Amino acid sequence: MSWLEIALTVLAALIGMELFAWAAHKYIMHGWGWGWHRDHHEPHDNVLEKNDLFAVVFGTITAALFIVGALYSDWLWWFAVGITLYGVIYTLVHDGLVHQRYFRWVPRGGYAKRLVQAHKLHHATVGKEGGVSFGFVFARDPAALKAELKRQREAGVAVVRDSAGV
């Protein structure tokens, strides 16, 4: 593979993973996988969450892609690199920045602040129904997310926490 093909493959995997993460978060984690994801939405003092099992599952799939790619397909191997880079970004942004599992830093402005606000609004709902901001890297405007939560609350689609300011 040429360097251009490699770069495009890794980039496609990164972008594709945000789309996959959005769909998996909305339809699996807030659907039939809620049993694993629920503790991520509830206060606790545990170092690990059942929700972390998703990382084990997705990491195992990615490891299999690396093995199959190494044996049969350069393209698949580089695709696995892109998925892994997304996993690193996700871990730093979601677990590190938003949930402060690894470090403490509260952004005062810019896109980092927008990411934190968007994900905090995702956690503003009680239970798995409704909700906003299911992606992890691309965050919509917090004002638009608040308006969407308000519409969901008024329509009876979502129960929104009082502290959400919606």
Side-chain angles (χ1 to χ4, degrees), residues 6-7 9-66 69 77-128 130-146 148-149 158 160-166:
I6 290 169
T9 300
V10 170
L11 183 62
L14 279 166
I15 293 168
M17 279 306 298
E18 177 67 0
L19 299 172
F20 171 80
W22 179 90
H25 190 188
K26 184 170 176 87
Y27 298 110
I28 295 173
M29 295 175 188
H30 282 256
W32 55 267
W34 181 248
W36 281 6
H37 191 59
R38 176 192 330 250
D39 68 342
H40 179 66
H41 282 265
E42 297 172 349
H44 63 78
D45 292 329
N46 302 331
V47 174
L48 296 174
E49 304 172 342
K50 281 185 188 176
N51 184 63
D52 295 328
L53 291 170
F54 285 112
V56 173
V57 170
F58 297 143
T60 301
I61 293 168
T62 305
L65 291 175
F66 272 116
W77 193 90
W78 285 108
F79 196 76
V81 168
I83 293 171
T84 301
L85 287 174
Y86 183 85
V88 170
I89 293 166
Y90 165 84
T91 298
L92 291 173
V93 170
H94 178 264
D95 292 345
L97 177 66
V98 174
H99 291 290
Q100 299 185 354
R101 288 176 82 175
Y102 312 128
F103 54 86
R104 301 248 183 250
W105 175 61
V106 178
R108 304 265 183 243
Y111 196 71
K113 180 179 180 182
R114 182 177 176 144
L115 278 171
V116 171
Q117 289 175 320
H119 200 71
K120 296 291 184 186
L121 288 167
H122 171 73
H123 281 267
T125 56
V126 177
K128 68 180 187 175
V132 295
S133 195
F134 290 92
F136 296 111
V137 178
F138 301 114
R140 289 176 44 211
D141 176 35
L145 297 174
K146 281 184 180 184
E148 175 62 24
L149 277 174
V160 180
R161 298 179 202 283
D162 291 333
S163 61
V166 176

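Note that the coordinates shown come from a computational prediction; the quantities given were computed from them, not determined experimentally.
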Colleague: Using a 4.5 Å cut-off on heavy atoms from C-beta on, say whether the side chain of Leu14 contacts that of Leu85.
Modeller: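 Of all side-chain heavy-atom pairs linking Leu14 with Leu85, at least one is under 4.5 Å.
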Colleague: Can you check whether Lys50's main-chain N or O pairs, donor with acceptor, with Asp39's side chain at less than 3.5 Å?
Modeller: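 Checked: pair present.
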Colleague: Which atom pair, heavy atoms only, marks the closest approach of Ala80 to Leu65?
Modeller: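 That would be CB-CB, 3.9 Å.
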Colleague: Please evaluate residues His122 and His30 with respect to the criterion side chain to side chain contact (heavy atoms under 4.5 Å, CB included), reporting the C-alpha separation (whole Å), side-chain torsions for both, the decisive distance (0.1 Å), and the verdict.
Modeller: CA-CA 11 Å; His122 171 73; His30 282 256; 3.2 Å; yes
Colleague: Main chain of Val47, side chain of Arg101: is a donor-acceptor contact present, judged purely on distance under 3.5 Å?
Modeller: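 Yes, because the side chain of Arg101 sits within donor-acceptor range (under 3.5 Å) of the backbone of Val47.
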Colleague: Please check if the side chain of Arg140 supplies one atom and the backbone of Leu145 the other of a donor-acceptor pair under 3.5 Å.
Modeller: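 Not a single qualifying donor-acceptor pair exists.
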Colleague: Are side-chain heavy atoms of Arg108 and Lys113 found at a separation under 4.5 Å?
Modeller: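 Heavy-atom side-chain distance check fails, nothing below 4.5 Å.
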Colleague: Please collect all salt bridge (charged side-chain N to carboxylate O under 4.0 Å, His left out) contacts where either partner lies in residues 80-93, sequence neighbours excluded, each pair once.
Modeller: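 As it turns out, there is no salt bridge (charged side-chain N to carboxylate O under 4.0 Å, His left out) pair with a partner in residues 80-93 once direct neighbours are skipped.
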Colleague: Contact between Lys128 and Arg38 at the side-chain level, heavy atoms closer than 4.5 Å - yes or no?
Modeller: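 No, their side chains stay 4.5 Å or more apart.
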Colleague: Measure the shortest side-chain to side-chain distance between His99 and Glu49 over non-hydrogen atoms and say whether it is less than 4.5 angstrom.
Modeller: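 SC-SC contact between His99 and Glu49 ruled out.
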Colleague: Any side-chain heavy-atom pair from Thr62 and Thr84 closer than 4.5 angstrom?
Modeller: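 Counting from C-beta outward, Thr62 and Thr84 do come under 4.5 Å.
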Colleague: Ring-plane angle category for His40 and His119, please: parallel below 30°, perpendicular beyond 60°, tilted otherwise.
Modeller: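 It falls in the tilted class, 30° to 60°.
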Colleague: Between Tyr111 and Ala139, what is the shortest heavy-atom contact and its length?
Modeller: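 Nearest heavy atoms, Tyr111 then Ala139: OH-N, 2.7 Å.
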Colleague: Can you name the nearest heavy-atom pair linking Val116 to Pro107, along with the distance?
Modeller: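 What the structure gives for the nearest pair is CG2-CG, 3.9 Å.
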Colleague: Angle between ring planes, Tyr90 versus His94, binned at 30° and 60°: parallel, tilted or perpendicular?
Modeller: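 If you compare the ring of Tyr90 with that of His94, the planes turn out parallel.
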Colleague: How close do Thr125 and Arg161 get, counting heavy atoms only, and between which atoms?
Modeller: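 Looks like O-NH2, 3.4 Å.
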Colleague: Quick one: are Trp36 and Asp52 in side-chain contact, heavy atoms under 4.5 Å?
Modeller: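 The answer is no, as the side chains (C-beta and beyond) never meet within the 4.5 Å cut-off.
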Colleague: Between Lys120 and Val98, what is the shortest heavy-atom contact and its length?
Modeller: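 Taking Lys120 first and Val98 second, the nearest heavy atoms are NZ-O, 3.5 Å.
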Colleague: For residues Met29 and His41, determine if any side-chain heavy atom of one lies less than 4.5 Å from a side-chain heavy atom of the other.
Modeller: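 Answer no - side chains too far apart.
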Colleague: If we check ring-ring contact (aromatic ring centres under 6.0 Å, His included) with Phe20, which of these qualifies: Phe58, Tyr86, Tyr27?
Modeller: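 By the ring-ring contact (aromatic ring centres under 6.0 Å, His included) criterion, Phe20 pairs with just one of Phe58, Tyr86, Tyr27: Phe58.
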Colleague: Could you grab the distance from atom CG of Asp95 to atom CZ of Phe103, nearest 0.5 Å is fine?
Modeller: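 These two atoms lie 9.5 Å from each other.
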Colleague: Distance from Gln117 atom CD to Asp141 atom CG, nearest 0.5 Å?
Modeller: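 The CG atom of Asp141 is 8.5 Å from CD of Gln117, to the nearest 0.5 Å.
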Colleague: Can you see which heavy atom on Ala13 is nearest to which on Gly82, and at what distance?
Modeller: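 Nearest pair, atom of Ala13 first, then Gly82: CB-CA, 3.7 Å.
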Colleague: Would you compute the distance between atom CZ of Phe66 and atom CH2 of Trp78 and round it to the nearest 0.5 angstrom?
Modeller: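 These two atoms lie 9.0 Å from each other.
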Colleague: Roughly how far, to the nearest 0.5 Å, is CG of Leu115 from CZ of Phe138?
Modeller: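 Interatomic distance, Phe138 CZ to Leu115 CG, rounded to 0.5 Å: 10.0 Å.
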Colleague: Any side-chain to backbone donor/acceptor pair from Glu18 onto Phe136? Under 3.5 Å, distance only.
Modeller: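 Yes, Glu18 side chain to Phe136 backbone: donor-acceptor pair under 3.5 Å.
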